[in-house]
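Report on the following structure.
Hydrogens, waters and symmetry mates play no part in the numbers below; they use all other heavy atoms, side chains included. Below, chain A is the first sequence line, B the second, and so on; all start at residue 1.
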Number of protein chains: 2
Amino acid sequence: MTQSRSDFEARLRQIGAERYHDLHPFHDLLHGGGCTPDQVRAWVLNRYYYQHTIPMKDAAFMSRVESPELRRAWRSRIEDHDGTSENEGGIRRWLRLAEAVGLDPDYVASRRGVLPATKFACDAYVRFVRDKTLLEAVASSLTELFAPKIHANRIEGLLRNYDFADDSSLSYFRNRLKEAPKDVAFGLAWVLDHADTQEKQDAAADALIFKTDVLWSQLDALWGAYVEPGRIPPGGWVPGTGLLLQRAS
Amino acid sequence: MTQSRSDFEARLRQIGAERYHDLHPFHDLLHGGGCTPDQVRAWVLNRYYYQHTIPMKDAAFMSRVESPELRRAWRSRIEDHDGTSENEGGIRRWLRLAEAVGLDPDYVASRRGVLPATKFACDAYVRFVRDKTLLEAVASSLTELFAPKIHANRIEGLLRNYDFADDSSLSYFRNRLKEAPKDVAFGLAWVLDHADTQEKQDAAADALIFKTDVLWSQLDALWGAYVEPGRIPPGGWVPGTGLLLQRAS
C-alpha cells in the first residue's frame with residue numbers, strides 16, 4: 001500500500017537510524033581519539049576516493065536529466081565539491097586535511113593505495129546513479145539527511161582529541177554543514193513528490209539502503225585493513241609511505 | 001619496452017604468485033578444518049553470488065565480440081555454469097554444496113544475506129568486462145591460471161575435515177578441474193597474441209591485478225563479518241537463518 005508522505009519520510013529516516021555509518025565502531029574510535037596517526041591517515045586516504053567519485057556521480061545523474069530546472073538545482077553539488085572562482089571546493093579542502101595529518105596531497109590525489117573494497121563500493125555508487133531510475137538516484141543521495149549530526153560530532157571530537165585538527169584542516173566538515181542542508185531539503189522533497197506508488201516507495205527505500213551499504217562497507221574495509229586484524233590487502237596503503245616528509249627529502 | 005611472449009607470461013604468473021586469493025588466510029582456515037559450520041555456510045552463501053555473476057560477465061563479454069569464432073570459443077563458459085541438456089552446470093552444483101552444508105538452496109539462490117562488499121566486488125567485475133577493452137576483459141579471466149591448485153587443495157582439505165564433503169557436494173570443484181584448463185589455455189594464448197605493445201601488456205597486467213582484488217576483497221569481507229572481529233554488517237546473513245531445517249518445519 002502506498003504510504004502517506006509523512007509515513008514514507010519516517011520510513012526513510014528509520015533506515016538511517018538503523019544503518020547509517022555513524023553506527024559503525026570506527027567512528028567512535030576516530031571521534032573518541034582512539035585512532036593512531038596511521039589509522040587517521042588510512043581513513044583520510046580512503047575517504048578521499050569517495051570525495052573523488054561524488055562529482056562524477058552527480059555528473060552521471062545530470063547527464064540523464066532532461067529538465068533544465070532539475071539540472072540547475074543539482075549543479076551546485078558539483079560546484080561545492082570541485083570549486084568555483086570564489087570557493088576552493090570540498091576536494092581541495094579534503095586534501096588540506098590530508099596534508100594536516102601528514103600525507104602528501106599529491107599521493108592522496110593519485111588514489112594509489114586506496115583499498116580495493118573502497119573503490120568497488122564507491123564505483124558501485126556511480127554506476128547505480130548511472131543505471132537506475134532518477135528517483136532511485138535521488139533517493140540514494142538522502143544519506144545526507146543523517147550527515148549533519150556525524151559532521152558536528154566529528155568536528156567536536158577531532159578538535160578535542162588530535163593535534164592536527166584546527167579550523168583550516170577541518171574546513172571540509174564545516175562547509176558541508178552549510179552546504180548539505182539545502183541539497184538534502186531539495187532531494188527529500190523531490191523523492192517525496194515523485195515516489196507516488198508503493199512500488200516507487202519501495203525502490204526509493206532500497207536505493208537509500210544501497211547507499212548506506214556503500215558507506216558502511218568502506219568502514220568495514222578500513223577496520224579489517226588497519227584496525228582488526230589489521231591485514232592490509234595487496235596494493236593497499238602501507239603506513240610510512242605517501243607522507244609529506246618523504247616528499248621533501 | 002614490450003616484453004617477449006615468455007617474459008610477459010611470466011609477469012602474469014607472478015601476479016598470481018603475489019596476489020591470488022590462495023594466499024588469504026581464510027583458505028587455510030577453510031581447508032584445514034578450522035571453520036565452524038556457520039563460517040563454511042557464510043563462505044558458500046557469499047561465493048554463490050560470485051558464481052551467479054560469472055555467466056552474466058561472460059555474456060557481457062560476448063555482447064561486445066564481433067567475431068563468431070571468438071564468441072563460439074567463449075560460449076562454453078556460459079554452458080559450463082548454466083548447464084545444458086547433458087550437464088546440470090556449475091550453478092546447480094554450487095547449490096548442491098549449499099544444501100550439503102545445511103543451507104536452503106532457495107535462500108542461497110535468492111542472494112539475500114550476501115555481504116554488500118561481496119556484491120560490490122562481483123558487480124565491479126561484470127562492469128569491468130562491459131566497459132574495458134576486449135584484451136582487458138580476457139586478461140581479467142586469467143586468474144583461472146591459478147585456480148587448479150586451489151581447487152585440488154580444497155577438495156582434499158574439505159574431504160579430510162568436514163562431514164558434509166563427498167563426491168556429490170564437491171562436484172563443482174571436480175568439474176572445474178576438468179573445465180578450467182581448456183578455458184585458460186585459450187584465454188592465455190589470446191592475451192599473449194593480442195598484447196603486442198607495452199601499453200597493452202601493462203593494461204592486461206592491470207586487468208589481472210584488478211581481478212585478484214575482486215577475489216581477495218570477498219575473503220576480507222567474509223573474514224570481517226564472520227571471523228574477526230565477526231561483525232556482520234547490516235543486511236548480512238545471520239547464522240541460524242536460511243537453513244534447510246527451517247524450511248521443513
| field | Contacting region of B/Val214 [heavy-atom separation from chain A under 4.5 Å] | value | both
| task | Please determine, among A/Gln218, A/Lys119, A/Arg127, the option with the most heavy-atom pairs under 4.5 Å with chain B. | result | A/Arg127
| Given that the side chain runs from C-beta out, which part of B/Asp123 has a heavy atom under 4.5 Å from chain A: side chain, backbone, both or neither? | neither
| field | Short N-O contact, B/Asp38 and B/Arg41, less than 4.0 angstrom | value | yes
| said: Looking only at heavy atoms and a cut-off of under 4.5 Å, which of A/Pro234, A/Ala117, A/Ser217 has the most pairs with chain B? | reply: A/Pro234
| Is A/Asp213 paired with A/Arg19 through a side-chain N to carboxylate O contact shorter than 4.0 Å? | yes
| field | Top contributor to chain B interface from A/Ala225, A/Ala221, A/Gly224, A/Pro233 [non-hydrogen pairs under 4.5 Å] | value | A/Pro233
| field | B/His151 and B/Arg176 side chains, donor-acceptor separation under 3.5 Å | value | no
| Can a salt bridge be assigned to the pair B/Lys211 and B/Glu136 using a cut-off of 4.0 Å between side-chain N and carboxylate O? | no
| query | What's the spacing between A/Leu145 CG and A/Arg13 CZ if we round to 0.5 Å? | reply | 5.0 Å
| With chain A, which of B/His24, B/Arg231, B/Glu18 has the greatest number of heavy-atom pairs at distances under 4.5 Å? | B/Arg231
